[in-house]
Q: 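Sharing a structure below in structure tokens format, with a few things to ask.
Side-chain atoms are counted along with the backbone in the values below, which use heavy atoms only and exclude waters and symmetry mates.
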Amino acid sequence: MTAAAVMAAVPACGGATDAPTGGSDTIPLTLQTFPGALLYISDVIAQQEGIFKRNGLDVTFVNPGDGATAMRLLANGDAQGLLADVASGISAASKGQPIGVTGSVINKSLFQVSARGDLLGVKGDWKAKVQALRGKKVGVPGIGSSGDIVMRGLLREAGLTPDKDVTLISITTGQAAIAQFQQKALDAFINVAPTAHLIEKAGVGGLYVDIANEAPPKFSDSVIGMMTNRSFAKQNPEALRRWMASEQQAIEFIGKPANRDKIIGYIAKNVTSNDVPLAEKLVDYLNNTAYSATKPGLEVPTQALNNQIELLTAGGIAADSLNASDFVVTPNRK
């Protein structure tokens, strides 16, 4: 698939904040979340602040436990939605699963590279820091995961060969990475925020490369989108429209200064185990970085989608197995 084909095939989204139309009946919707992850704070707020309800949705949350199960639940129709890095959906779609994306809530990479203290003194830009990983052991949140794909892309872009110049090992949690840092069995770790803050708090390392703010656009731009089942999307456009409206309204709620204390409370309770200072940092991170490039109507940015596809094809996904015109599904709007 060419870049031009991908960009031409992706329709624009709009009108996500309009009031629900097509009747006042409440629509049931099952969404998947991974409790404790910062990404899902918009879901928490949409539920707790009654945003889903005001948009005519009766939302039930389920925890899939892992990414593979999440895609399977979507493909089987056992759940209708999930906020996730689009890479997971592209990988599933390339294997024939009926997965698509209907909107993009975050268009900046949430991945950050943490490193042990002796590496934190490396001077230079992101490329110099990545080149300094030659001969080191770098943890990724699962081989083949989105973090693994991004890390391998950064290594290649810096002139290093993954698994040859740098040893990549699977470290599934931030706490496991902290233990590995303490034992000096790990030099760096890529994961989403707030892992870098937790590593720094543990005194075993700190933020090394903030991908959203330091890396080139092909890595810093991302599509963390509203993944769904393509058949469900085509048959239930009103459900998707209401879901998109709810997510955008939740993001707008997070961005209002008057709601800052309330958002800190939600993050402290649901993400940081009541660590209020860390929750305060994460509110700023959400507004200044994570949601900084979110488009009106939660439109899927075509260039960022193309960048994700390029990273995946470089990692071994067959480009001709993807159908971008089907992958981005847009609910009909009046």
Side-chain angles (χ1 to χ4, degrees), residues 33-49 51 61 63 83 85 105-122 126 129 139 141 147 150 171-184 186-215 220 222 224 247 249-294:
T33 65
F34 291 85
L38 182 63
L39 167 60
Y40 300 99
I41 197 64
S42 62
D43 281 340
V44 170
I45 288 168
Q47 186 79 318
Q48 295 297 316
E49 290 294 323
I51 296 173
F61 290 117
N63 179 3
L83 301 185
D85 190 314
V105 295
I106 294 175
N107 298 322
K108 301 299 291 186
S109 176
L110 298 184
F111 286 111
Q112 299 174 323
V113 181
S114 303
R116 286 172 49 192
D118 54 337
L119 278 169
L120 297 181
V122 173
W126 73 271
K129 294 177 182 178
V150 171
I171 306 289
T172 55
T173 68
Q175 290 301 317
I178 289 173
Q180 293 288 306
F181 278 130
Q182 290 172 334
Q183 298 168 18
K184 297 186 178 181
L186 189 67
D187 298 296
F189 180 55
I190 184 171
N191 206 344
V192 296
T195 302
H197 292 289
L198 299 176
I199 289 172
E200 181 178 8
K201 185 176 180 180
V204 295
L207 179 62
Y208 190 55
V209 178
D210 186 355
I211 293 173
N213 295 308
E214 296 183 58
S220 64
S222 184
I224 298 177
E247 293 291 347
Q249 289 163 19
I251 293 169
E252 291 168 354
F253 186 92
I254 292 169
K256 291 181 179 178
N259 297 330
R260 180 179 174 84
D261 288 344
K262 184 174 284 189
I263 303 305
I264 290 170
Y266 281 127
I267 294 176
K269 180 179 179 180
N270 293 277
V271 180
T272 69
S273 299
N274 294 315
D275 184 336
V276 173
L278 177 54
E280 292 173 341
K281 292 181 180 179
L282 292 179
V283 172
D284 295 331
Y285 175 79
L286 287 174
N287 290 318
N288 298 333
T289 297
Y291 296 131
S292 64
T294 300

Q: What's the shortest heavy-atom distance between Lys108 and Ala293, and which atoms?
A: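 In this case the closest contact between Lys108 and Ala293 is CD-CB, 3.8 Å.
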Q: Within a strict 4.5 Å, meaning less than it, do heavy atoms of the Thr195 and Phe111 side chains meet?
A: no
Q: Considering all heavy atoms of both residues, which atom of Gly255 and which atom of Asn287 are nearest to each other, and what is their separation?
A: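 In terms of heavy atoms, the two residues are closest at CA-OD1, 3.3 Å.
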Q: Tell me, do Val283 and Ile267 make a side-chain contact under 4.5 Å, heavy atoms counted?
A: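 They are in side-chain contact.
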Q: Could you check whether any side-chain heavy atom of Leu278 comes within less than 4.5 Å of a side-chain heavy atom of Val271, counting everything from C-beta outward?
A: no
Q: Quick one: do Asn191 and Ser114 satisfy side-chain contact (heavy atoms from CB on, under 4.5 Å)? Show the steps, please.
A: CA-CA 8 Å; Asn191 206 344; Ser114 303; over 6 Å; no
Q: Can you find a pair of side-chain heavy atoms, one from Phe253 and one from Ile263, that are under 4.5 Å apart?
A: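 With C-beta onward as the side chain, the pair touches.
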Q: First locate atom CG of Leu282, then atom OG1 of Thr272, and finally report the distance between them rounded to the nearest 0.5 Å.
A: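 Reported to 0.5 Å precision, the distance equals 7.0 Å.
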Q: Within the structure provided, determine whether Ser220 and Asn213 are in side-chain contact (heavy-atom separation under 4.5 Å).
A: no
Q: What distance do Glu247 atom CD and Asp43 atom CG have between them, rounded to the nearest 0.5 Å?
A: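 Separation between the atoms: 4.5 Å.
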Q: Quick one: does any side-chain atom of Thr294 pair with a main-chain N or O of Val105 as donor and acceptor, under 3.5 Å?
A: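 The answer is yes, because a donor-acceptor pair under 3.5 Å joins these two groups.
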Q: What verdict does the side-chain contact (heavy atoms from CB on, under 4.5 Å) test give for Tyr291 and Ile106, after you've listed the backbone C-alpha separation in whole Å, the side-chain angles of each residue and the deciding distance to 0.1 Å?
A: CA-CA 6 Å; Tyr291 296 131; Ile106 294 175; 3.5 Å; yes
Q: Minimum heavy-atom separation for Ala279 to Ala268, with atom names?
A: CB-N, 3.8 Å
Q: Report the C-alpha distance between Arg260 and Ile264 in whole Å, list the side-chain angles of each, state the deciding distance to 0.1 Å, and finish with yes or no for side-chain contact (heavy atoms from CB on, under 4.5 Å).
A: CA-CA 6 Å; Arg260 180 179 174 84; Ile264 290 170; 3.9 Å; yes
Q: If I take atom CD from residue Gln112 and atom NE2 from residue His197, how far apart are they, to the nearest 0.5 angstrom?
A: 6.0 Å
Q: Of the non-hydrogen atoms in Gln48 and Tyr266, which two are nearest, and what is the gap between them?
A: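 Closest pair (atom of Gln48, atom of Tyr266, distance): CB-OH, 3.4 Å.
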Q: Which heavy-atom pair separates Phe189 from Ile199 by the least distance, and what is that distance?
A: CD2-CD1, 4.2 Å
Q: Does any N or O in the side chain of Lys129 come within less than 3.5 Å of the main-chain N or O of Tyr208, such that one atom is a donor and the other an acceptor?
A: yes
Q: Do you know which two heavy atoms are closest between Ser109 and Ala212, and how far apart they sit?
A: O-CB, 3.3 Å
Q: Evaluate the side-chain proximity of Val150 to Asp85: yes if any heavy-atom separation is below 4.5 Å, no if none is.
A: no
Q: Is there a side-chain contact (heavy atoms from CB on, under 4.5 Å) between Asn259 and Glu49? Walk through the geometry before answering.
A: CA-CA 11 Å; Asn259 297 330; Glu49 290 294 323; over 6 Å; no
Q: CZ/Arg116 to CG/Leu119 distance, rounded to the nearest 0.5 angstrom?
A: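 Answer for the CZ-CG pair, Arg116 versus Leu119, is 7.5 Å.
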Q: Just how far is it from atom CG of Leu286 to atom CD1 of Ile251, taken to the nearest 0.5 Å?
A: 9.5 Å
Q: Evaluate whether atom CD of Gln182 has more than 12 neighbouring non-hydrogen atoms of other residues, nucleotides or ligands under 6.0 angstrom away.
A: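 Result for CD/Gln182: enclosed.
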Q: Counting N and O atoms only, with roles assigned by atom type, does the side chain of Tyr40 sit under 3.5 Å from a partner on the main chain of Pro35, one being a donor and the other an acceptor?
A: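 Not confirmed, Tyr40 side chain does not pair with Pro35 backbone.
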Q: If I take atom CD1 from residue Ile41 and atom CG from residue Asn270, how far apart are they, to the nearest 0.5 angstrom?
A: 5.0 Å
Q: Would a 4.5 Å heavy-atom cut-off, applied to side chains only, mark Asp275 and Lys201 as touching?
A: yes
